[in-house]
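What follows is a single structure, written as structure tokens, with notes after it.
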There are 2 protein chains.
Amino acid sequence: MMELKKLRYFVTVATLKNFTAAAKSLNTVQPAISRQIASLEAELGVKLLIRNTRAVTLTEAGSYLLENAQRMFELEQEIVTSVRKIDKGEIGQIRIGYLASACFSFIGELVGLFSQQLPNVRVQLTELTSQEQIDAFNKNEIDVGFSRPIPNDMNFQLDCKNIYNDRLVAVIPKCHALSKCESIAISDLKEENIILLNRMKAVGLFNKINTLFHQEEINPNIVSQPHNMQTLLTEVSAKLGIAIAPSCVAKLYTKGCSFIPLDCTGIEVPLEIQCLKDNNNIIVEEFVKLTTQNKKLIMQLSQLELSGHYPPK
Amino acid sequence: MMELKKLRYFVTVATLKNFTAAAKSLNTVQPAISRQIASLEAELGVKLLIRNTRAVTLTEAGSYLLENAQRMFELEQEIVTSVRKIDKGEIGQIRIGYLASACFSFIGELVGLFSQQLPNVRVQLTELTSQEQIDAFNKNEIDVGFSRPIPNDMNFQLDCKNIYNDRLVAVIPKCHALSKCESIAISDLKEENIILLNRMKAVGLFNKINTLFHQEEINPNIVSQPHNMQTLLTEVSAKLGIAIAPSCVAKLYTKGCSFIPLDCTGIEVPLEIQCLKDNNNIIVEEFVKLTTQNKKLIMQLSQLELSGHYPPK
DNA sequence: CTGCATCAATACTTTTTAGGTATTAATGAT
DNA sequence: ATCATTAATACCTAAAAAGTATTGATGCAG
């Protein structure tokens with residue numbers, strides 16, 4: 001094996017054309033150089049230098065090696081530099097999955113802050129439901145995710161940190177009588193047409209809302225189960241019914257919708273940041289750290305004041 | 001310095017994800033591997049592997065190093081292979097200078113033979129006068145040259161080997177009375193118009209011919225000094241006069257010219273192959289060897305039978 | 001052409017580094 | 001909780017490299 005040390009010795013001798021001078025330059029003694037060069041030549045089976053008490057000259061093979069050894073050193077340097085930068089998280093990538101309706105109001109700002117801190121880290125954002133994020137973690141397609149809490153039997157391998165707890169609100173057509181209330185009880189919705197986000201898109205949310213009804217022994221009259229929040233709002237504004245959704249949807253396009261606080265318990269909808277346990281990825285660590293440090297900002301960006309009617313004015 | 005040996009150890013461990021297995025694969029023991037990996041990590045200041053009694057995993061930096069170490073090994077292999085080939089003369093280049101009129105009849109064939117023997121050696125052919133070849137050697141622009149002998153004070157650094165001795169002949173217009181002679185003496189040319197190759201183009205030849213005249217105490221009537229041999233022949237065929245030139249010019253376009261042997265001594269014109277002394281270039285050595293081994297072929301290609309008239313028929 | 005000066009190679013010793021053996025410590029798995 | 005596996009550590013040995021002193025070769029000056 002052509003060790004880099006020997007290569008360095010050779011390059012020095014070939015450049016200075018003098019073993020003794022090379023030895024000084026390498027902080028060693030001339031016999032050490034002689035031996036290492038001899039060993040390199042033996043290893044290659046090729047004479048590299050023509051020794052001549054008066055002058056050291058290069059063979060053709062030696063000339064080639066001199067030129068190309070530099071490439072080895074450059075490559076070594078490049079790799080070492082990159083390895084160190086990767087270790088410090090200065091270069092690399094992070095793949096982020098996020099729940100669209102819950103995160104769109106802050107994700108841009110958050111990633112902006114992150115990129116300012118680590119400008120050479122490539123950020124890949126993918127809009128995914130909670131379930132899709134679990135799958136993505138299993139397939140190693142994302143490094144970090146923003147999602148609602150997931151059942152315990154599925155998150156054993158995930159580190160989950162709460163970002164903020166959103167609350168469920170009633171989304172009521174502006175012209176509907178209930179839209180004038182300060183707050184609404186589940187029992188007020190007994191006779192109303194109810195719109196809920198499709199179960200497949202958010203099992204947790206669906207179950208949570210159903211529980212609220214069942215606690216009051218109400219069998220809700222579900223008239224629609226749209227597949228995304230924006231459609232849900234559109235259906236409310238079209239007076240198809242009343243929806244129950246996390247308050248953060250008030251950040252979407254809400255014309256014709258009023259957001260009225262629910263007057264009951266069990267309406268908290270936590271948002272978490274999740275990543276693989278023992279991920280040992282400093283970039284992910286940095287991102288999680290930045291996110292938790294900016295919980296307040298995220299909450300501000302996501303929530304509207306819950307007192308009074310939505311949207312204000 | 002990131003020694004290749006350590007890199008190799010690292011790659012093995014990172015691939016097998018097991019120190020003990022890596023040790024076996026590298027024909028050593030596990031503690032040796034542990035220490036070398038630790039030393040590599042210390043050197044880089046970067047953790048590369050996450051040890052875990054059950055499984056060894058890579059950090060981000062480790063993954064990068066694993067991928068890129070291969071590039072180092074490939075480069076090393078490429079360089080080693082090339083160095084060995086260059087040493088054997090299997091790849092490289094040779095820059096050949098040659099005297100056009102003396103060599104054109106054989107240089108193609110000779111280079112063809114050479115390329116057959118060393119197909120990956122690039123051959124660069126340059127048409128140069130003897131003087132230009134000396135300059136080219138000094139400027140390190142050619143590795144080998146075909147030239148007439150050069151004055152001793154200029155060739156101290158050159159290795160010169162005789163290829164063959166050409167002879168001077170009289171070049172006589174076909175219709176000229178002398179063209180019927182079996183041979184010609186210098187004294188026959190006393191009253192004739194004489195054409196000689198320009199002195200600057202071939203000092204040696206010029207002096208040699210002048211000497212022939214002066215030995216006979218003849219002051220030749222030089223009517224033209226063309227700059228190349230083909231022009232010289234054209235002038236003879238145009239009946240401007242009689243030329244004296246090496247017989248090899250009979251291989252040029254010779255319509256209207258007869259070539260008659262000179263009946264005197266001192267008409268030998270040697271052709272040499274020359275290269276730098278102590279050149280240590282195996283390709284040059286091989287070329288010189290091939291050339292000297294093919295002296296006979298070169299002579300056949302260069303010379304026509306000197307008995308009788310030129311060209312035959 | 002003889003002695004001098006220069007410089008690489010060699011012989012031998014010392015130091016440094018790497019490898020080997022035995023053991024310990026940590027940690028999944030049964 | 002115990003066992004099995006595996007990396008780390010301590011200690012010793014072997015190998016490799018460096019250092020010292022000397023030799024040998026060679027170009028140069030007188």
Side-chain angles (χ1 to χ4, degrees), chain A residues 1-59 61-62 65-66 156-157 276-280, chain B residues 1-59 61-62 65-66 156-157 276-280:
Chain A
M1 193 153 29
M2 190 170 63
E3 284 304 329
L4 294 186
K5 185 185 190 182
K6 287 183 188 177
L7 255 198
R8 221 174 283 278
Y9 276 24
F10 167 73
V11 167
T12 308
V13 174
T15 306
L16 298 176
K17 301 204 179 301
N18 182 316
F19 281 63
T20 312
K24 269 181 198 147
S25 147
L26 291 162
N27 296 313
T28 183
V29 293
Q30 169 264 316
I33 304 289
S34 286
R35 284 184 300 248
Q36 290 300 315
I37 298 290
S39 142
L40 179 61
E41 287 182 327
E43 196 173 298
L44 292 168
V46 171
K47 197 163 186 191
L48 300 170
L49 295 169
I50 298 155
R51 287 83 148 169
N52 195 329
T53 9
R54 214 35 56 172
V56 173
T57 54
L58 288 161
T59 62
L65 185 59
L66 177 59
F156 66 96
Q157 59 177 353
L276 286 173
K277 271 177 183 157
D278 316 314
N279 73 89
N280 297 299
Chain B
M1 191 151 32
M2 189 168 65
E3 284 304 331
L4 294 184
K5 187 184 190 182
K6 288 182 186 176
L7 256 197
R8 222 173 281 278
Y9 277 24
F10 167 75
V11 167
T12 309
V13 174
T15 306
L16 299 175
K17 302 205 180 303
N18 182 314
F19 281 63
T20 313
K24 268 181 198 143
S25 148
L26 291 162
N27 296 312
T28 181
V29 292
Q30 169 263 317
I33 304 290
S34 286
R35 281 184 303 249
Q36 291 299 315
I37 298 290
S39 141
L40 179 60
E41 287 182 325
E43 195 173 297
L44 292 168
V46 172
K47 197 163 186 195
L48 300 169
L49 296 170
I50 299 158
R51 287 82 147 171
N52 196 327
T53 8
R54 214 32 56 171
V56 173
T57 55
L58 287 162
T59 61
L65 185 60
L66 177 58
F156 66 98
Q157 60 178 354
L276 287 173
K277 270 176 185 160
D278 315 314
N279 73 91
N280 297 300

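A quick note: this is a predicted structure, and the numbers were derived from the prediction, not measured. Numbered from 1 within each chain, the chains take letters A, B, ... in sequence-line order.
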Query raised in the report: Are side-chain heavy atoms of B/Tyr9 and B/Leu40 found at a separation under 4.5 Å?
Result: no

Query - D/dA8 base / B/Arg35 side chain donor-acceptor hit below 3.5 Å - result: no

Query raised in the report: Atom NZ in B/Lys24, atom CG in B/Asn18: separation rounded to 0.5 Å?
Result: 8.0 Å

Report task. Evaluate the side-chain proximity of A/Leu58 to A/Leu48: yes if any heavy-atom separation is below 4.5 Å, no if none is. Result -> no

Query raised in the report: Could you give the start and end, 5' to 3', of the contact zone on DNA chain C for chain A, using atoms under 4.0 Å from its heavy atoms?
Result: C/dT6 to C/dC12

Query - Candidate nucleotides D/dA4, D/dA8, D/dA18, ranked by approach to the side chain of B/Arg51 - the nearest - result: D/dA8

Query raised in the report: Hey, is B/Arg8 close enough to B/Glu3 for a salt bridge, meaning N to O under 4.0 Å?
Result: no

**Report entry** Test item: A/Leu49 and A/Ile37 side chains (from C-beta on) under 4.5 Å apart, heavy atoms
**Finding:** yes

Query - Non-hydrogen side-chain atoms of A/Ile50 and A/Val56 separated by less than 4.5 Å - result: no

Requested in this report: Starting at atom CZ of B/Arg54, determine the distance to atom P of D/dA7, rounded to an integer number of angstrom.
Outcome: 10 Å

Report task. Take atom NZ of A/Lys17 as the centre, draw a 6.0 Å sphere, and report whether it contains more than 12 heavy atoms from other residues, nucleotides or ligands. Result -> yes

Query - Ion pair A/Glu41/A/Arg51, N-O distance below 4.0 Å - result: yes

Report task. Write down the distance between OH (A/Tyr9) and P (D/dA17), rounded to a whole number of angstrom. Result -> 9 Å

**Report entry** Over all atoms of both residues, closest heavy-atom pair of B/Val46 and B/Ala61
**Finding:** CG1-CB, 3.5 Å

Query raised in the report: Heavy atom of residues 18-34 of chain B under 4.0 Å from DNA chain D: which residues?
Result: B/Asn18, B/Phe19, B/Thr20, B/Gln30, B/Pro31, B/Ser34

Query raised in the report: Should B/Asn52 be listed as having a side-chain N or O under 4.0 Å from OP1 or OP2 of D/dT6?
Result: no

Requested in this report: Could you check how far CG of B/Leu16 sits from P of D/dT5, rounded to whole Å?
Outcome: 18 Å

Requested in this report: For A/Leu40 and D/dA17, give me the distance from atom CG to atom C1', rounded to whole Å.
Outcome: 15 Å

**Report entry** Rounded distance in Å - CD (A/Gln36) to C1' (D/dG19)
**Finding:** 13 Å

Query raised in the report: For B/Lys5, which contact category applies under a 4.0 Å heavy-atom criterion: base, sugar-phosphate, or nothing?
Result: sugar-phosphate

